[in-house]
Protein chains: 2
Amino acid sequence: MLDRIDRRILGLLQQDCSLTNVQLAEQVGLSPPACLKRVRRLTDQGYIDKRVALLVPERFGPSLHMVVEVEMVSDQRHVNEAFANRVRASAEVKQCYRVTGEVDFVLIVMVSDMSAYEAFCERVLYAEPNMKKFRTLISMRREKFDTAIDVDRS
Amino acid sequence: MLDRIDRRILGLLQQDCSLTNVQLAEQVGLSPPACLKRVRRLTDQGYIDKRVALLVPERFGPSLHMVVEVEMVSDQRHVNEAFANRVRASAEVKQCYRVTGEVDFVLIVMVSDMSAYEAFCERVLYAEPNMKKFRTLISMRREKFDTAIDVDRS
DNA sequence: CGTGAAATATGTATCGT
DNA sequence: ACGATACATATTTCACG
């Protein structure tokens, strides 16, 4: 499926995709066309989702990260699917995890200040009829944010 | 500081940085050299951290996301700094938020299975003398993962 | 900021292993 | 099937107005 060179390519690209294909080819020891063919194949076969620029939040004014644990009234799938959709459409919500146990959803919400967070709670959380309760953990500091995954395991 | 075109550039690049400079220039209505100069300036001035390829986790075998709430014994800063450093050096930990309240840290940990998670707990959490207790929320489904930030606010 | 030209990179075709 | 070389096309990047 994926050989050592493919993994090396993916590892490098998820560290830094501003590498030119020539540089990438050099790093993995292939000719540029051979390297390009692999990258194209990895993209076509759905290993690479997309390439994005990661910005530095601090440069855009103060911001808060909220970790929000949401408990729903019922675990009915279609009802919670509706909530998941609202959350996906909500710009403040950067991540949403569906978890098992008492809590049903964990959200990572990014806002510029408390009033923006209150507005979000009104618009998304309190507006959801199936929402039972939620707990907010306030973070003023993101210590680590790494988008790379372990590519040496499949 | 940042004008409308800068914000437009940043907005586009954090959606998709595989755009060529020619395409980007076209979208924002500038000549390629003018656009390139802005991108370089935005990078040099620290608005852009890096460009990365986001991979599709499902293509690399099963994986679990753990939301881990960690409570420390003492809030002594230098002690918790040591823990933050361990966490930063730990490959399984993709994100770490320092939060206020009972809980001190929230980690997003990505592992292939439960035994990998147990190994992580032993190596990082139980090994930390200042760790009082932690709670794990297990997620088998990441509903949303958006690395883009709101660029229209500073 | 735009134009045009030079330097690089990307992408294609073909051949060889 | 996969990679290398050579060549054509496109992009990046610099100098100048």
Side-chain angles (χ1 to χ4, degrees), chain A residues 1-57 59-61 146-154, chain B residues 1-62 146-154:
Chain A
M1 205 74 169
L2 292 182
D3 65 14
R4 208 172 290 102
I5 296 180
D6 287 330
R7 292 176 202 283
R8 188 105 175 279
I9 289 173
L10 291 169
L12 287 164
L13 288 181
Q14 67 176 342
Q15 233 63 270
D16 178 11
C17 70
S18 71
L19 285 169
T20 68
N21 182 57
V22 173
Q23 293 171 317
L24 185 61
E26 195 178 344
Q27 300 249 357
V28 302
L30 288 179
S31 67
C35 185
L36 188 64
K37 275 178 67 176
R38 279 173 182 262
V39 172
R40 199 186 73 82
R41 202 194 77 231
L42 292 167
T43 305
D44 292 345
Q45 294 183 352
Y47 292 97
I48 298 176
D49 178 19
K50 54 182 178 175
R51 296 142 190 268
V52 299
L54 300 181
L55 307 188
V56 179
R59 301 273 346 194
F60 299 86
D146 181 6
T147 58
I149 73 177
D150 179 13
V151 98
D152 296 317
R153 72 168 200 269
S154 108
Chain B
M1 207 73 162
L2 293 182
D3 64 15
R4 209 174 291 103
I5 296 181
D6 287 329
R7 292 176 203 283
R8 188 105 174 276
I9 289 173
L10 291 169
L12 287 164
L13 288 181
Q14 66 176 342
Q15 236 59 271
D16 177 13
C17 70
S18 72
L19 286 168
T20 67
N21 182 57
V22 175
Q23 294 172 316
L24 185 60
E26 195 178 342
Q27 299 249 357
V28 301
L30 288 178
S31 67
C35 185
L36 185 66
K37 272 181 69 177
R38 279 173 183 261
V39 172
R40 288 241 287 246
R41 202 195 75 233
L42 291 167
T43 306
D44 293 343
Q45 294 183 352
Y47 292 97
I48 298 175
D49 178 19
K50 55 183 179 176
R51 295 140 190 269
V52 299
L54 299 181
L55 307 188
V56 179
E58 296 77 31
R59 300 270 354 195
F60 299 86
D146 181 6
T147 58
I149 72 176
D150 178 13
V151 100
D152 296 318
R153 72 169 201 269
S154 103

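Residue numbers begin at 1 in each chain, while the letters A, B, ... track the order of the sequences.
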Separation between CG of B:Leu10 and CG of B:Leu13, rounded to the nearest 0.5 Å: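 If I round to the nearest 0.5 Å, the distance is 6.5 Å.
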Range on DNA chain D touched by chain A, heavy atoms, distance below 4.0 Å: D:dG3 to D:dA6
A:Asn21 side chain to A:Pro32 backbone, donor-acceptor under 3.5 Å: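 Yes, because the side chain of A:Asn21 sits within donor-acceptor range (under 3.5 Å) of the backbone of A:Pro32.
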Main-chain N/O of B:Gln45 paired to A:Arg59 side chain as donor or acceptor, under 3.5 Å: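 Answer holds: yes.
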With A:Arg38, the side-chain contact (heavy atoms from CB on, under 4.5 Å) member among A:Leu2, A:Thr43, A:Ile9: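 Considering A:Leu2, A:Thr43, A:Ile9, a side-chain contact (heavy atoms from CB on, under 4.5 Å) with A:Arg38 is found only for A:Ile9.
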List the atom pairs, with distances to 0.1 Å, where a side-chain N or O of residues 23-30 of chain A and a protein N or O form a donor-acceptor pair under 3.5 Å, not counting sequence neighbours.
residue	atom	partner	partner atom	Å
A:Gln23	OE1	A:Thr20	N	2.8
A:Gln23	OE1	A:Thr20	OG1	3.4

Within 6.0 Å of CZ in A:Arg40, more than 12 heavy atoms from elsewhere: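 No, CZ of A:Arg40 has 12 or fewer neighbouring heavy atoms, counting only those of other groups under 6.0 Å.
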Exercise: identify the closest heavy-atom pair between A:Arg51 and B:Ser18: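 Looking at all heavy atoms of both residues, the shortest contact is CD-CB, 3.5 Å.
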DNA chain C-proximal residues of residues 19-40 of chain B, any heavy atom under 4.0 Å: B:Leu30, B:Ser31, B:Pro33, B:Ala34, B:Arg38
